[in-house]
Amino acid sequence: MAYISFQPSDYFNTLLYTGNNTDDRAITGVGFQPDWTWIKLRNATQQHELYDAVRGANKPISSNLANAQTTETNKLKSFDSDGFTLGTSTSVNKAYNYVAWNW
C-alpha cells in the first residue's frame, strides 16, 4: 500500500509581493493553482480584494465593504498553475506592498 503525504502548503500558501503597475504581471510561487485568492495592501489603506474560481478571476468581492461583486478587467486577470496574473489596478498592483492568501 502506497502512503501519500499531504502538507498544508499543498492547499494554502501566503505570498508577499510588491506591485509595479505592469499589465499581465504574473505572481508565482504559490505551488498550486489557487481557487480562491485574497489580496490586501500592506502599507496603505485599501479595500480587501477576494477572488474565486467559481465566480471568475474578474469578479472581485470585498470583505470590508457592503458592495456586491463587480466585474473588473484590470485587477486579478487569471488563476494560473503556480499563482495568478494581475492587471494594472491600484488595488492589486500599485507600487506598494501586498499580501495574497491563496487556497
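These numbers come from the heavy atoms of this one structure, side chains and all, not from hydrogens, waters or symmetry mates.
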Could you list the residues that satisfy side chain to side chain donor-acceptor pair (under 3.5 Å) with Thr14, not counting sequence neighbours?
-> none
List for me each residue that meets side chain to side chain donor-acceptor pair (under 3.5 Å) alongside Thr18, sequence neighbours excluded, and say none if there are none.
-> Asn97
Sequence neighbours left out, what passes side-chain contact (heavy atoms from CB on, under 4.5 Å) with Arg55? Give chain and number order.
-> Asp52, Lys59, Ile61, Gln69
Contacts of type ring pair (Phe, Tyr, Trp, His ring centres under 6.0 Å), residue [X], not counting sequence neighbours:
{"X": "Trp103", "value": "Phe12, Trp36"}
{"X": "Tyr98", "value": "Tyr17"}
{"X": "Tyr96", "value": "none"}

Can Thr70 and Glu72 be said to form a side chain to side chain donor-acceptor pair (under 3.5 Å), step by step?
-> CA-CA 6 Å; Thr70 60; Glu72 304 285 345; 3.3 Å; yes
Asp82 side chain vs Thr28 backbone, donor-acceptor pair below 3.5 Å = no
Can you check whether Ser91's main-chain N or O pairs, donor with acceptor, with Ser89's side chain at less than 3.5 Å?
-> yes
Can you tell me how far apart [atom1] ([X]) and [atom2] ([Y]) are? Round to the nearest 0.5 Å.
{"X": "Thr88", "Y": "Asn74", "atom1": "OG1", "atom2": "CG", "value": "5.0 Å"}
{"X": "Ile39", "Y": "Leu76", "atom1": "CD1", "atom2": "CG", "value": "5.0 Å"}
{"X": "Asn13", "Y": "Gln7", "atom1": "CG", "atom2": "CD", "value": "12.5 Å"}
{"X": "Asn93", "Y": "Thr22", "atom1": "CG", "atom2": "OG1", "value": "6.5 Å"}

Closest non-hydrogen atom pair between Pro34 and Gly83, with its separation = CD-O, 3.3 Å
Ring pair (Phe, Tyr, Trp, His ring centres under 6.0 Å): pairs with one or both residues in residues 44-87, sequence neighbours excluded | Trp38-His48
Residue pairs passing the salt bridge (Lys or Arg N to Asp or Glu O under 4.0 Å) test where at least one lies in residues 30-45, sequence neighbours excluded | none
Pair listing, salt bridge (Lys or Arg N to Asp or Glu O under 4.0 Å) test, anchored in residues 83-103, at least two apart | none
Would you say Thr37 and Val30 make side-chain contact, with heavy atoms under 4.5 Å?
-> no
Transitive ILVMFWY cluster of Ile4 at side-chain heavy atoms under 4.5 Å: who else is in it?
-> Phe6, Tyr11
For Asp24, what residues pass the salt bridge (Lys or Arg N to Asp or Glu O under 4.0 Å) criterion, not counting sequence neighbours?
-> Lys77
For Lys75, salt bridge (Lys or Arg N to Asp or Glu O under 4.0 Å) partners two or more places apart | Glu49
Trp101 reachable from Leu86 in the ILVMFWY side-chain graph, under 4.5 Å edges = no
Tell me whether Leu41 is reachable from Leu50 by hopping between hydrophobic residues (I, L, V, M, F, W, Y) whose side-chain heavy atoms are closer than 4.5 Å.
-> no
Regarding Ser62 and Asn64, is there a side-chain donor-to-acceptor distance under 3.5 Å anywhere?
-> no
